[in-house]
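Right, one structure below, let's go through it.
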Amino acid sequence: MATSLLEPVSAGQTRFRMQGLAPDARGIAVGREVLVTFPTIDWLVAFLGAFSDESNLDDLLPTMTLEHSRRQEGGHAILLRAAAGDGYAVDRLARIAGATRGQLFTGSGSVFVRWRGREAPFGYDLVSPMAASGEEVLVVDIDYVATYAAVDRMDPVELIQRLQLRRVPLPLSGISGEAERCGIKDLALALVAPGLASRVLRHLWRLEANFAGYYVTLEGDAGASLLLRIRHPRGRVLDVLHGTPGVELLAPASSRAAVQLGYRHPIQLASASACLPGEEMFLFRGDVGRVERLPGPPRFVDGRHLVEATGTAHLRELGQLREAELEPLQVELQVRPASNPREPRGALIAWEQVALLRHLVYLIPPSALAASRVVPLDEGLVVITGSSIGNRGRAAAVAGMGAGAIVPLGRRLGEVAPGVLVADGYELWPRVRPALTRQLLGLGPDDHALFLRPDTDPIRVTEAQLLPLDAALIGRLRLSDATTVAPELPALTPGQVENRKLGRFALWGFGGPPKGPEDEGRGQ
């Protein structure tokens with residue numbers, strides 16, 4: 001039976017055989033550093049990507065080192081070393097490392113022991129002291145010891161910058177339908193090839209897009225490319241740019257990094273600002289497999305300064321106007337059928353239905369009833385409510401619904417201009433300004449014009465001819481005078497107060513009201 005090289009740490013243990021271990025607040029043995037071994041670099045990238053999804057990678061990068069090491073017993077491994085925090089932080093690293101085929105050890109210097117598990121909830125300690133020779137790293141597990149020697153070192157920042165982008169499928173409905181899913185809802189970047197800059201600018205100008213840009217010279221290109229920044233891009237703009245050869249649409253991944261649409265970086269760049277040093281702008285291009293580092297912060301110029309006018313026409317100053325008399329064109333207003341619905345502003349009710357209107361008046365809200373007016377005509381009773389002129393019309397509009405919309409009687413009238421009512425289903429032709437319509441009809445400030453039927457002449461109704469609806473339909477209530485009668489009851493006699501001694505059972509009462517003089521004589 002193999003001898004165990006580690007022993008579980010007991011609760012409250014403070015002394016350890018291995019140097020560098022110390023109990024944290026929970027009593028867990030934690031070293032000054034952690035060491036994570038990965039079989040290949042692909043699993044290392046998976047670990048960094050998973051960690052950046054949950055936490056800020058900038059907390060790990062300042063103390064992190066990467067080494068490609070050879071195992072003395074045979075094989076290779078990638079070693080990730082970083083400063084250890086408390087037990088909670090190391091537990092998170094161990095969980096992510098286990099999901100990405102990595103093993104986590106804790107310690108310091110050149111000796112590391114296995115991190116705590118179910119069999120040892122407070123961690124492990126060496127059974128007997130061990131030491132590594134030279135620059136080797138000694139990794140001690142329960143039943144084996146592995147010795148690693150560094151072959152070469154890798155810069156974490158350079159590694160993350162040089163990672164190959166991974167393709168992601170685009171929505172089948174197109175970018176315009178799911179722009180937020182592609183990461184370009186509020187802001188999009190476009191890298192335009194040198195020969196297409198003027199055409200793309202002209203197209204964005206026609207679409208009235210909110211864009212800005214500046215010219216950059218990329219490595220290996222003879223001319224300068226155009227980098228555009230489009231704010232709140234519309235769906236049509238995105239579809240055209242993405243489908244144009246020579247135009248690369250990029251989604252911002254952080255304040256100084258953007259990734260080409262259709263690709264994603266293995267690391268969440270928003271949580272790894274330390275990987276993008278300085279003030280440079282990083283463009284991750286998936287089609288060409290390159291990372292463009294633009295010097296200095298981007299200085300975008302508003303798009304109106306990038307577009308030039310190509311027309312040859314020049315404006316001519318206007319001289320003296322020609323004096324001429326312009327005769328007005330005589331146009332007759334006609335009533336013709338219309339299909340556009342209008343809110344009812346009145347109703348023409350036949351005289352046979354006035355009795356029904358008297359019963360329906362109880363359904364009209366008080367505010368609309370007070371603002372409604374009527375005018376009796378030969379054709380019937382016209383109820384006007386909600387007109388755009390007069391104080392009563394404004395009160396009906398505030399009420400929300402007029403009497404003409406509530407009463408299901410007669411023919412409804414719609415308003416085509418302030419105070420101009422036309423039968424429902426018709427309109428005035430030609431369509432002119434509302435103020436001009438009243439002027440052509442010769443209406444006064446408070447006059448109304450009623451087009452009750454298309455084959456009859458309109459009717460002018462003045463303000464004095466309009467009657468309140470409530471006063472016209474509701475009769476007067478006659479009040480009868482109240483009559484008083486003389487009281488027939490005898491006057492009340494002065495009251496008497498009598499003090500009587502309570503019996504044993506006082507709550508039972510006194511057995512009735514006190515006896516009067518006549519009752520005393522009757523009892524004898």
Side-chain angles (χ1 to χ4, degrees), residues 30-38 40-69 77-97 99-100 102 104-106 108 112 137 150 152-166 168 183 187 189 216 218-219 227 229 250-260 263-286 289-299:
V30 181
R32 292 191 295 269
E33 295 179 301
V34 292
L35 181 73
V36 189
T37 62
F38 297 97
T40 61
I41 194 172
D42 294 335
W43 291 110
L44 168 65
V45 174
F47 169 82
L48 295 177
F51 185 86
S52 63
D53 287 339
E54 296 187 7
S55 305
N56 195 344
L57 196 58
D58 291 337
D59 299 337
L60 190 64
L61 284 173
T63 61
M64 185 176 66
T65 60
L66 298 176
E67 296 179 353
H68 178 209
S69 303
I78 305 297
L79 303 184
L80 183 151
R81 182 184 296 192
D86 57 2
Y88 294 102
V90 181
D91 281 340
R92 182 173 64 249
L93 291 175
R95 175 176 54 83
I96 300 176
T100 55
L104 187 137
F105 301 86
T106 183
S108 62
F112 293 85
V137 176
D152 59 355
R153 298 180 182 272
M154 295 179 289
D155 185 4
V157 175
E158 184 179 356
L159 172 66
I160 293 177
Q161 292 181 3
R162 295 174 56 186
L163 288 178
Q164 184 178 3
L165 300 181
R166 298 176 181 176
V168 293
L187 181 66
L189 297 178
V216 294
L218 304 180
E219 183 179 356
L227 181 62
R229 181 191 64 192
L250 301 99
S254 67
S255 59
R256 294 188 295 107
V259 181
Q260 185 177 353
Y263 296 87
R264 72 174 182 86
H265 199 277
I267 309 298
Q268 289 289 344
L269 298 177
S271 65
S273 59
C275 298
L276 310 175
E279 297 181 348
E280 297 176 322
M281 182 73 180
F282 293 81
L283 303 181
F284 293 86
R285 305 170 60 189
R290 288 170 49 182
V291 180
E292 307 293 348
R293 303 180 62 170
L294 307 182
R299 301 183 181 276

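Atom CD of E54 sits in a crowded spot, with more than 12 heavy atoms from other residues, nucleotides or ligands closer than 6.0 Å.
A salt bridge links R285 to E292: at least one charged side-chain nitrogen sits closer than 4.0 Å to a carboxylate oxygen.
Separating the CD1 atom in I41 from the CG atom in L48 is a distance of 9.5 Å, to the nearest 0.5 Å. Atom CZ in R81 sits 13.5 Å away from atom CE in M64 (nearest 0.5 Å). One distance of note links CG of L93 with CG of L60; it measures 6.5 Å at 0.5 Å rounding. Between the CD atom in E158 and the CG atom in L66 there is a gap of 11.5 Å [rounded to 0.5 Å]. Between the CD atom of Q260 and the CG atom of L165 there is a distance of 8.0 Å, given to the nearest 0.5 Å. Summarising the geometry, atom CZ belonging to R264 is positioned 9.5 Å from atom CD1 belonging to I267; distances are rounded to the nearest 0.5 Å.
When all heavy atoms of L276 and S254 are compared, the pair lying nearest together is CD1-OG, 3.9 Å. Residue M281 comes nearest to L189 through the heavy atom pair CE-CD1, 3.6 Å, listed as atom of the first residue, atom of the second, then distance. In terms of heavy atoms, A84 sits closest to V30 at CB-CG1, 4.3 Å. In plain terms, the two heavy atoms of A83 and T63 that are nearest each other are N-OG1, 3.2 Å. Scanning all heavy atoms of the two residues, the minimum distance from L269 to A257 falls at CD1-CB, 4.0 Å. Across A94 and L104, no two heavy atoms sit closer than the pair N-CD1, 3.7 Å.
At distances below 3.5 Å, at least one donor-acceptor pair connects side-chain atoms of R290 with backbone N or O atoms of E219. Checking side-chain atoms of H265 against main-chain N and O of I160 turns up a donor-acceptor pair under 3.5 Å. Between the side chain of S55 and the backbone N or O of S52, no donor-acceptor pair lies under 3.5 Å. Put simply, the side chain of D86 gets close to the backbone of A89: a donor and an acceptor are under 3.5 Å apart.
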Tell me, with the steps shown, if V137 and L35 meet side chain to side chain contact (heavy atoms under 4.5 Å, CB included). CA-CA 10 Å; V137 176; L35 181 73; 3.8 Å; yes
Quick one: do F51 and R92 satisfy side chain to side chain contact (heavy atoms under 4.5 Å, CB included)? Show the steps, please. CA-CA 9 Å; F51 185 86; R92 182 173 64 249; 4.0 Å; yes
Any chance you could lay out the side chain to side chain contact (heavy atoms under 4.5 Å, CB included) test for Q161 and V291, step after step, and finish with the verdict? CA-CA 8 Å; Q161 292 181 3; V291 180; 5.6 Å; no
Determine whether L57 and Q268 satisfy the following criterion, side chain to side chain contact (heavy atoms under 4.5 Å, CB included), listing intermediate values before the conclusion. CA-CA 9 Å; L57 196 58; Q268 289 289 344; over 6 Å; no
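Looking at residues two or more places apart in sequence or on another chain, you find no ring pair (Phe, Tyr, Trp, His ring centres under 6.0 Å) involving Y263. Applying the ring pair (Phe, Tyr, Trp, His ring centres under 6.0 Å) test to F38 and every residue at least two apart in sequence or in another chain returns F47. The ring pair (Phe, Tyr, Trp, His ring centres under 6.0 Å) check on F282 picks up nothing, with sequence neighbours excluded.
With contacts defined as side-chain heavy-atom distances shorter than 4.5 Å, the pair T37/I78 does not qualify. By the 4.5 Å heavy-atom criterion applied to side chains, L294 and L227 are counted as neighbours. Between L283 and L218 there is no side-chain heavy-atom pair separated by less than 4.5 Å. L80 is listed as a side-chain neighbour of L44, based on a closest heavy-atom distance under 4.5 Å.
In summary, the side chains of S271 and N56 do not present any donor paired with an acceptor at a separation below 3.5 Å, with no hydrogens or angles considered. A donor and an acceptor atom, one from each side chain of T65 and R153, are nowhere located under 3.5 Å apart.
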